[in-house]
Amino acid sequence: MSKTVARLIAESLKAHDVDLMYCVPGESYLGLTDALSDTNSIRLVVCRHEGGAAFMAVADGRLRDRAGVAVVSRGPGLSNALVALHTAYHDATPMVILIGQVERKDYGRLALQEQNYSKLLADVTKSVIEVNEPVMASEAIARAFHIAESGTQGPVAVILPEDIFDEPAEFPVDLPRPRVYPGPRPEDLDRLADMLAKAERPLVWVGGALLGAGVTDELRQLSESWVLPVSPTHRRPCHFDMRHPNYGGYMGIRVPKPLLDEMKRADLIVALGERITDSVSQSYTFPSAPQPQVPLVHVWPDPNEVGRVWRPTLGIVSDPQAVIRGLLARGAPGDAAKRKGWVAGLNAIHTKLMTPEWEPTSDGINFAQIVCEIGKHMADDAIVTSDAGNFSSFIHRYLPFKPGQAFLASVVGAMGAGMPMAVAGGLRLPGRQVIAFVGDGGALMTGNEIATAMQYGASPKLIISDNKMYGTIGMHHEVRYPGRPYQSATRLTNPDFAMWARSFGAEGITIRDQSEVASGIAKAFAITDRPVVVHCHTSADQMSAWRRRK
Ligand SMILES: Cc1ncc(C[n+]2csc(CCOP(=O)(O)OP(=O)(O)O)c2C)c(N)n1
């Protein structure tokens, strides 16, 4: 039997270390699913919604620092996946998505489910690669992985017309391009070392591009020897131990005022492997855009990004790990201890902020109590995922994250990521504890992927904060239009989520009262052989970890 395009693509995926792919099947790429069934080294996970499948691929990309892979059908299939592409694009997460297309002879006719992908995907992918000749197929895969994993990482689409898969393709597999790591220029490292040595009150922010093996250990050494406060950025909490005395406070969205006020006394910001976003910069106010109010050093592996919004004093296009190593090799300045007071001051504010001081609520449980209880059970190598919503503020305030654990979420804040990312975490790293936090809003956006967890043997714990509303939006409504009926567009009528879980074959636990919290959470953590849903009836008055309705 001669080699077909489908088989060549399967071999090319294998050559790129692909062992797991997420899909919802479609008639537009039957040839590929057929060829994959002969390749027993690639596991094809069939999901319930393309949004779920694509979020799983995003999570896989983040966990492996290799592009995660999803396959979806043309038009409608891809449309469902767009939310996750948007996340991968903003969050700089490597991902390759294979998309079916109508037959080549029908291009442009508005054939069934046809879509012009170059138009549709222009602002949510790094590149759209169309495969219109068999000879291009393997090269397209190699290029897709290379682009997805290089520079500012992100999603790349490969378009595969329905009629190409069975064509003969006696071509060799195009081998993976070697990974290219940009490094710092020695003179830039010297300048950074000089700026850091002179700084009395530096801040070091660490973000998404901090990926290399052993990098968190090297970062800790740098922080200790140079006496530097380290702040993980929005939804990247595992880069630095939250209980380390040099932890400089979490640089998340809306940093609490006492911490932000202190940070604003800084005389240098070093953004290390952080792209710098709206969320991290407190809506472009710190550092102020485009001209920072304080000297800024921006380290990011892509020249298009450094200087795009902010004008840094020093821009370094580099893998941040190389910068950390360069500073370690240069050695700490003799007077680094002069910063001890600055570091201790930041850390004292952070420690006070994360100390549980929640009070009971009368309209449901204060979610702080549940999160603090979960903190007691969280494993040293736990995988924690979070959906978007106010419930997540409790996680970032009260869970003591540290290196060795993993945190997966849509950093840009798309709802629906929490559950599928938990499934992907469980499948990539079997045996590890997986805890997913979602609101009652997000739970019914992609919670159906609990069926995928059941089918493939993942056992996440899904903690649902049911405050019977799209709470975040209710809060924003009330802040912007005080006294107006904020509930009109935010109220939700929910199912019994514990019963819902049981209908899938998962375990369901209900926590209605604060007296049930400790036993309910203990029961959830004692079960490890199947998914568990913990339905927590939470307070809407306790709007977030920082705000309570008066
Ligand atoms: C896909 C998507 N749709 C809408 C939004 C806007 N949004 C942000 S938070 C939120 C409400 C979240 O509600 P819930 O999951 O119940 O969590 P809560 O805020 O109540 O804790 C909405 C609708 C979003 N971020 N993503």
Side-chain angles (χ1 to χ4, degrees), residues 49-56 58-59 79-91 124 234-235 252-254 277-279 283 358 361 363-371 374 384-399 408-422 436-450 462-480 486-495 497 500 511 533-549:
H49 188 282
E50 289 83 352
F55 271 133
M56 290 183 209
V58 175
S79 303
N80 270 349
L82 281 178
V83 64
L85 294 185
H86 176 266
T87 282
Y89 191 61
H90 273 255
D91 295 4
V124 285
H234 186 52
R235 292 178 182 244
I253 195 169
R254 291 185 287 277
T277 59
D278 181 337
S279 309
S283 304
W358 52 270
T361 28
D363 65 331
I365 305 160
N366 190 328
F367 196 50
Q369 185 187 358
I370 289 169
V371 171
I374 288 172
V384 178
T385 78
S386 174
D387 220 79
N390 269 7
F391 66 87
S392 66
S393 62
F394 298 90
I395 307 171
H396 292 296
R397 181 165 181 188
Y398 295 122
L399 282 186
L408 300 168
S410 164
V411 178
V412 75
M415 293 170 72
M419 180 64 196
M421 287 188 166
F437 289 93
V438 303
D440 47 332
L444 288 190
M445 282 195 178
T446 50
N448 51 357
E449 298 299 349
I450 198 169
L462 183 65
I463 315 295
I464 302 178
S465 166
D466 176 6
N467 57 7
K468 294 156 193 63
M469 67 186 302
Y470 288 123
T472 313
I473 309 305
M475 180 188 79
H476 285 301
H477 196 111
E478 194 168 75
V479 169
R480 194 168 301 183
Y486 65 90
Q487 291 173 328
S488 58
T490 56
R491 266 271 163 240
L492 295 174
T493 299
N494 289 320
F497 283 109
W500 170 79
I511 301 180
V533 170
V534 186
H535 183 180
C536 309
H537 289 270
T538 51
S539 165
D541 282 350
Q542 185 69 51
M543 296 168 136
S544 80
W546 307 106
R547 180 185 281 269
R548 193 154 176 163
R549 188 169 299 125

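In each ligand, atom 1 is the first atom listed, and ligand 1 is the first ligand listed. No hydrogens, no waters, no symmetry mates; every other heavy atom, side chains included, goes into these values.
Between the side chain of Thr472 and the main chain of Asn390, a donor-acceptor pair closer than 3.5 Å is present. A distance-only check finds a donor-acceptor pair linking the side chain of Arg491 to the backbone of Lys468 [under 3.5 Å]. Put simply, the side chain of Thr385 gets close to the backbone of Gly418: a donor and an acceptor are under 3.5 Å apart.
Atoms of ligand 1 lying under 4.0 Å from at least one heavy atom of Asn390, given by number and element, are 18 (P), 19 (O), 21 (O). Under a 4.0 Å criterion applied to the non-hydrogen atoms of Gly413, ligand 1 contributes the atoms 24 (C), 25 (N), 26 (N). For ligand 1, the atoms lying closer than 4.0 Å to a non-hydrogen atom of Gly439 are 14 (P), 15 (O), 16 (O), 17 (O).
Contacts between Val438 and ligand 1, counted as non-hydrogen atom pairs separated by less than 4.0 Å, are absent for every part of the residue. At a 4.0 Å heavy-atom cut-off, ligand 1 does not touch Met475 at all.
Among Ser544, Ala417, Gly389, Gly442, the residue whose heavy atom sits closest to atom 15 (O) of ligand 1 is Gly442. With atom 1 (C) of ligand 1 as the reference point, the heavy atom nearest to it among His476, Lys468, His86, Met415 is part of Met415.
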Report, one line per pair, each donor and acceptor closer than 3.5 Å where one atom sits in a side chain of residues 83-91; sequence neighbours left out.
residue: His86; atom: NE2; partner: His90; partner atom: NE2; Å: 3.4
residue: Thr87; atom: OG1; partner: Ser410; partner atom: OG; Å: 2.8
residue: Asp91; atom: OD1; partner: Val412; partner atom: N; Å: 3.1
residue: Asp91; atom: OD2; partner: Val411; partner atom: N; Å: 2.6

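In terms of protein heavy-atom proximity, atom 19 (O) of ligand 1 is closest to Thr472 OG1, 2.5 Å. The nearest heavy-atom contact from the protein to atom 21 (O) of ligand 1 is Phe391 N, 3.0 Å. Distance from atom 8 (C) of ligand 1 to its nearest protein heavy atom, with residue and atom name: Ile473 CD1, 3.9 Å.
Polar contact check, Gly441 against ligand 1: a nitrogen or oxygen pair lies under 3.5 Å apart. Below 3.5 Å of separation, one finds no N or O of Ala414 facing any N or O of ligand 1. Some N or O of Asp440 is nearer than 3.5 Å to an N or O of ligand 1, by distance alone. Checking only distances, Gly471 does come within under 3.5 Å of ligand 1, N or O to N or O. Between Tyr470 and ligand 1, no N or O atom pair is found at a separation short of 3.5 Å.
Between His234 and Ser279 the shortest heavy-atom distance is CD2-CB, 3.7 Å. Closest approach of Ser465 and Phe391 over heavy atoms only: CB-CB, 3.9 Å.
Under 3.5 Å, the side chains of His535 and Asp466 contain a donor-acceptor pair of N or O atoms.
The cationic atom of Arg254 (NZ for Lys, CZ for Arg) does not lie both less than 6.0 Å from the six-membered ring centre of Trp546 and within 45° of the ring axis.
With sequence neighbours excluded, no residue forms a ring-ring contact (aromatic ring centres under 6.0 Å, His included) with Trp358.
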Is there a side-chain hydrogen bond (donor to acceptor under 3.5 Å, both in side chains) between Asn366 and Thr361 once you walk through the steps? CA-CA 6 Å; Asn366 190 328; Thr361 28; 4.9 Å; no
